[in-house]
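Reading through the structure tokens given below for one structure.
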Amino acid sequence: MTVRVQADTFDPGTVLSDFANDRKNIGAVVSFTGVVRDDSGTLDRMEIEHYPGMTENAISAIVDEATARWSLADCLVIHRFGPLRPGAQIMMVATAARHRVAAFEAAEFLMDYLKSRAPFWKKEFQRDGSTGWVDAKADDEDALTRWSR
Amino acid sequence: MVEVMYFAWVRERIGEPREKVETTATTVAGLVDELRSREPRYAEAFKDLSALRVALDQELSDFDAPLAGVREVAFFPPMTGG
């Protein structure tokens with residue numbers, strides 16, 4: 001299991017090929033990469049703040065929960081912080097399992113929990129100088145209820 | 001004495017990322033009441049607790065939670081990771 005919280009960029013292709021490389025006991029690898037979106041074409045950058053220490057612990061707890069629920073050969077979470085330009089990678093999740101259902105479900109679970117339970121906050125800086133914190137969406141919180149048991 | 005930390009717009013409204021606070025409060029809500037009574041910027045930041053989350057020693061908690069033995073209290077808006 002790998003958890004990385006970093007300012008540096010990363011290459012999703014390299015990360016994924018390293019993650020999937022030379023495994024004989026799996027039949028499925030699923031990955032998701034989150035990218036800074038600029039719907040209106042006015043975004044200069046996004047700045048991601050986090051809570052050092054708690055961030056790593058919270059992500060590790062989410063990863064532990066995923067590995068308890070699904071039979072995973074491995075899983076990986078990378079999440080960046082600091083200033084990010086439109087089109088930059090924000091984060092990545094990868095799961096490896098014997099079968100695809102576990103790999104897909106665990107990846108979705110990780111994404112849903114990272115959205116609402118890992119201490120990151122996004123602030124958008126527009127090119128005209130205006131700024132605003134990104135609000136949490138009720139949908140993101142609702143997404144967690146499908147995993148409750 | 002507890003270390004109180006603020007993140008995102010809570011940090012911006014209060015104007016500091018962290019501070020040491022002498023408190024006699026026994027719960028998070030009691031600490032919030034003490035902070036609110038200090039200065040308007042605190043009252044403003046803590047105006048609507050439903051818009052805030054709290055972590056005690058880096059674990060998500062709630063405003064009714066006891067403060068006994070807690071070293072680090074963090075206040076922040078709902079998280080927006082991913």
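Since we're looking at a predicted model, the values are computed, not measured. The sequence lines fix the lettering, A, B, ..., with proteins before strands; numbering per chain opens at 1.
Between chain B and the options A:Tyr51, A:Phe120, A:Tyr113, the largest number of non-hydrogen pairs under 4.5 Å is found for A:Tyr51. Counting heavy-atom pairs closer than 4.5 Å to chain A, the top-ranked of the candidates B:Glu59, B:Glu72, B:Gln58 is B:Gln58. When each of A:Met92, A:Met111, A:Met91 is checked for heavy-atom pairs under 4.5 Å with chain B, A:Met91 comes out on top.
Closest approach of A:Trp121 to B:Met79, counting heavy atoms only: NE1-CA, 3.7 Å.
Side-chain heavy atoms closer than 4.5 Å link hydrophobic residues (I, L, V, M, F, W, Y) into clusters, and following such links, even through other members, never connects A:Ile26 to A:Val101. Hydrophobic clustering (ILVMFWY, side-chain heavy atoms < 4.5 Å, transitive): A:Val3 and A:Trp70 are in one cluster. Under a hydrophobic-cluster definition in which Ile, Leu, Val, Met, Phe, Trp and Tyr are linked whenever side-chain heavy atoms come within less than 4.5 Å, directly or via other members, A:Phe19 and A:Leu110 are assigned to different clusters.
In this structure, the portion of A:Asp135 lying under 4.5 Å from any heavy atom of chain B is its backbone and not its side chain. Only the side chain of A:Asn57 comes within less than 4.5 Å of a heavy atom of chain B; its backbone N, CA, C and O stay farther away. There is no contact between B:Arg53 and chain A, counting heavy-atom distances below 4.5 Å. In this structure, the portion of A:Lys123 lying under 4.5 Å from any heavy atom of chain B is its side chain and not its backbone. In this structure, chain B has no heavy atom under 4.5 Å from any part of A:Arg80. In this structure, chain A has heavy atoms under 4.5 Å from both the backbone and the side chain of B:Ala8.
Proximity of B:Phe7 to A:His50: side-chain heavy atoms (C-beta onward) are nowhere separated by under 4.5 Å. In this structure, the side chains of B:Leu60 and A:Met54 come closer than 4.5 Å at one or more pairs of heavy atoms.
Remark: the backbone N or O of B:Gly82 is paired with a side-chain donor or acceptor of A:His79 at under 3.5 angstrom.
Distance OG1/B:Thr80 to CD1/A:Ile48: 7.5 Å, rounded to 0.5 Å.
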